[in-house]
Amino acid sequence: MNSTNLANAAVFQKLASHSKEAGKWSLKDLFQNDPGRFPAMTLTAGGLFLDFSKNLITQETLALLFELCRECRLEEIRDDMFRGDKINTTEHRAVLHTALRAPRYEKVLVDGKNVIPEIHAVLDKMHRFSEKVHSGEWKGYTGKPITDIVNIGIGGSDLGPRMVCQALRAFHVKDIRVHFVANVDGHDLDAVLKNVAPETTLFIVASKTFTTLETMLNAHSARSWFLNYGTVRDLQKHFIAISTNTEAVEKFGIHPDNLFPFWDWVGGRYSVWSAIGLPVVLAVGFNHFTEFLAGAHAMDVHFRNAPLASNMPVLLGLVGIWNRNFLGYSSVSIAPYLQDLVSFPNYLQQLEMESNGKQVQKNGRHVEYNSCPVIWGNVGTNGQHAYFQLLHQGTEIIPADFITALSPHHTLPKHHSALLANCFAQSEALMLGKTADQVRADLEAAGMSAEEMKIQIAQRTFPGNRPSNTILMNVLRPETLGALTALYEHKTFVQGVIWNVNSFDQWGVELGKILAKSIQNELESSEQGSHDSSTSGLIALAKAARK
Ligand SMILES: O=P(O)(O)OC[C@H]1O[C@](O)(CO)[C@@H](O)[C@@H]1O
């Protein structure tokens, strides 16, 4: 397949007609009629437990979805990725974030060269550097140890390390604070600079290309701020870079010794496992970072070897395909019931939407089916008091991924059972709903008049039959977080293969960048470009406000 139109494939048609039957199913009945549904639709891998039984699927649905995988050559393309083949065809690059977490003894070839030794050389450099910072051997320009790390980066050079640092709060090394600056909005950098001292602050300029406008402007502003206190020579003690662009890093004035490199075969949104993870190493120590990599590697081994029917990323991806392409659901809500995973929905937004938010296939043809749904969400229980109303009673069905840990890091009594109770109750409520008869019985028992009930019953009825996945781990630790992150990376891969899009380029972000450059010129000069009347009007208002 993959060279013609998937929507015409026999298995796609079979799934489409099967989905017409699924429209009549009730999740409640599926459970009632099959006591073995939970064990049959749950599995463990990499320290994670996935329950996908609360989806409108049967064994027949799964069999058809596995046929779809075979039609799309999923297993072959997966092996091509792991082997280092250049599956990012528009940029002619290999896709090897999996090699970043492979053990030292493995061998992965890119253009005939084994990349594992280089990967481990950089990891060793990160290790040595973090030990110097943590022990106080690395000193600022006045001889004091470093207390604050400021990561300047955006997109994949921000979201990954930010999410992981937040998620691993329980493992943070004492006496080091890590800050993240991404936005070109000066309020972001300004707020951080007001809270750090130049003599004890280390800036990490993280940018794969070292050309990204936001990062470069923030880095130059941080450099100018620093030079109000230290000298140009002192910069070497306070600025380090993570990039693939050695030349631009030197041009910025960062010494090659202070450069932590990575490679063009690491996509930005897949880069937290590379030197881009340095803020994580500084926040939690190298050993915990190694555990994070090991957790991801365990998921890689599982993804690579488990048969389709017991392969967690494959199942998560296929359930998503079923919901998106055959049941027509256009978004997925990510609901981590763990405060430390507060940045996980944001992280997944870039991972999934920048990877698969495409309308053109690898062969250049338009897709004739839907690709990536909108990914959004927030931590539970907060989301329950904001948008869960819509999840339960809105006009659109939005599948949800509930993610939680069975044990917390804190010792406060009752909190964790309250959290878990809410997590499990939400997926149950979405599935079961509440019928008009149940509502009527409740209202009658409460003594409501028949007249009042006429209005109230419909308002208080829940349609139910709304699907969800639940992912559990024992405790949120570096290795379980590694496995969870890799699980979603591979889910994204599975879906990208089925949609036949290149999940590893991002041409869709280019146009806005180019237009912003020319508009910025106009805002800062008397130049006037030719735009539509709305854009011209907005530019004129901004210019007037600056006068
Ligand atoms: O690391 P860089 O090169 O600064 O890029 C940052 C981000 O910008 C993008 O290229 C586009 O938004 C992302 O893919 C990337 O993660």
Side-chain angles (χ1 to χ4, degrees), residues 87-97 100 122 126 150-165 180-185 188-189 203-223 239-252 254 259-280 343-358 371-372 374-375 485 488-489 492-493 496 501-517 520:
I87 63 164
N88 175 353
T89 44
T90 55
E91 296 176 316
H92 312 291
R93 289 174 183 168
V95 173
L96 278 177
H97 44 282
L100 297 169
V122 176
M126 289 160 71
V150 180
N151 189 75
I152 298 178
I154 198 163
S157 301
D158 167 73
L159 291 164
R162 188 193 287 260
M163 180 278 283
V164 177
C165 283
F180 289 88
V181 174
N183 202 336
V184 76
D185 180 348
D188 199 8
L189 178 63
F203 291 93
I204 300 178
V205 186
S207 174
K208 179 175 171 182
T209 55
F210 228 73
T211 56
T212 304
L213 172 113
E214 293 89 336
T215 302
M216 289 303 107
L217 188 52
N218 278 324
H220 280 286
S221 299
R223 188 179 188 274
F239 278 78
I240 64 163
I242 303 167
S243 186
T244 59
N245 188 346
T246 321
E247 234 174 81
V249 169
E250 269 193 66
K251 222 165 151 196
F252 181 88
I254 293 179
L259 166 65
F260 292 80
F262 63 113
W263 307 273
D264 71 357
W265 39 260
V266 182
R269 52 196 173 274
Y270 299 87
S271 65
V272 66
W273 324 97
S274 71
I276 290 290
L278 188 60
V280 179
S343 301
F344 198 60
N346 275 358
Y347 174 79
L348 290 189
Q349 276 187 336
Q350 189 201 16
L351 175 63
E352 298 200 30
M353 291 165 77
E354 202 174 69
S355 295
N356 289 337
K358 318 255 161 93
S371 63
C372 194
V374 174
I375 304 292
T485 309
Y488 276 92
E489 283 182 347
T492 304
F493 175 83
V501 295
N502 179 357
S503 304
F504 304 102
D505 60 14
Q506 57 284 319
W507 300 108
V509 298
E510 294 306 318
L511 177 61
K513 286 186 194 172
I514 295 165
L515 296 186
K517 232 182 215 172
Q520 190 172 355

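Just so it is clear, the structure is predicted and the values come from calculations on it, not from any experiment. First listed ligand is number 1; within each ligand, the first listed atom is number 1.
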- Item | Residue, atom name and distance, where the atom is the protein heavy atom closest to atom 6 (C) of ligand 1 | I154 O, 3.2 Å

- Using the six-membered ring of F504, assess whether NZ or CZ of R93 lies under 6.0 Å from its centre and within 45 degrees of the ring axis. no

- Please confirm whether T215 comes within less than 3.5 Å of ligand 1 when only nitrogen or oxygen atoms on both sides are compared. no

- Closest to atom 8 (O) of ligand 1 among protein heavy atoms sits K513 NZ, 4.6 Å

- Message: Counting C-beta onward and ignoring hydrogens, is there a side-chain heavy-atom pair between L159 and S343 closer than 4.5 Å?
- Response: no

- Message: Quick check on contacts: which atoms of ligand 1 are under 4.0 angstrom from a heavy atom of G156?
- Response: 15 (C), 16 (O)

- Item | Non-hydrogen side-chain atoms of I152 and F203 separated by less than 4.5 Å | yes

- Note on the structure: Residue, atom and distance of the protein heavy atom nearest atom 2 (P) of ligand 1 read T212 OG1, 3.3 Å

- Could you please spell out the steps behind the ring pair (Phe, Tyr, Trp, His ring centres under 6.0 Å) verdict for Y488 and Y347? CA-CA 10 Å; Y488 276 92; Y347 174 79; 9.1 Å; no

- Task: Have a look at E214, K208, E354, Q506 and point out the one with the heavy atom closest to atom 13 (C) of ligand 1.
- Result: E354

- Task: Check each of V205, V184, T211 against M216 using the side chain to side chain contact (heavy atoms under 4.5 Å, CB included) test, and report the only one that passes.
- Result: V205

- Query: What do the steps show when you test N356 against S371 for side-chain contact (heavy atoms from CB on, under 4.5 Å), and what is the final call?
  - Reply: CA-CA 7 Å; N356 289 337; S371 63; 5.6 Å; no

- Query: In ligand 1, which numbered atoms sit nearer than 4.0 Å to a non-hydrogen atom of G155?
  - Reply: 16 (O)

- Please write down residue, atom name and distance for the protein heavy atom closest to atom 3 (O) of ligand 1. T209 OG1, 2.6 Å

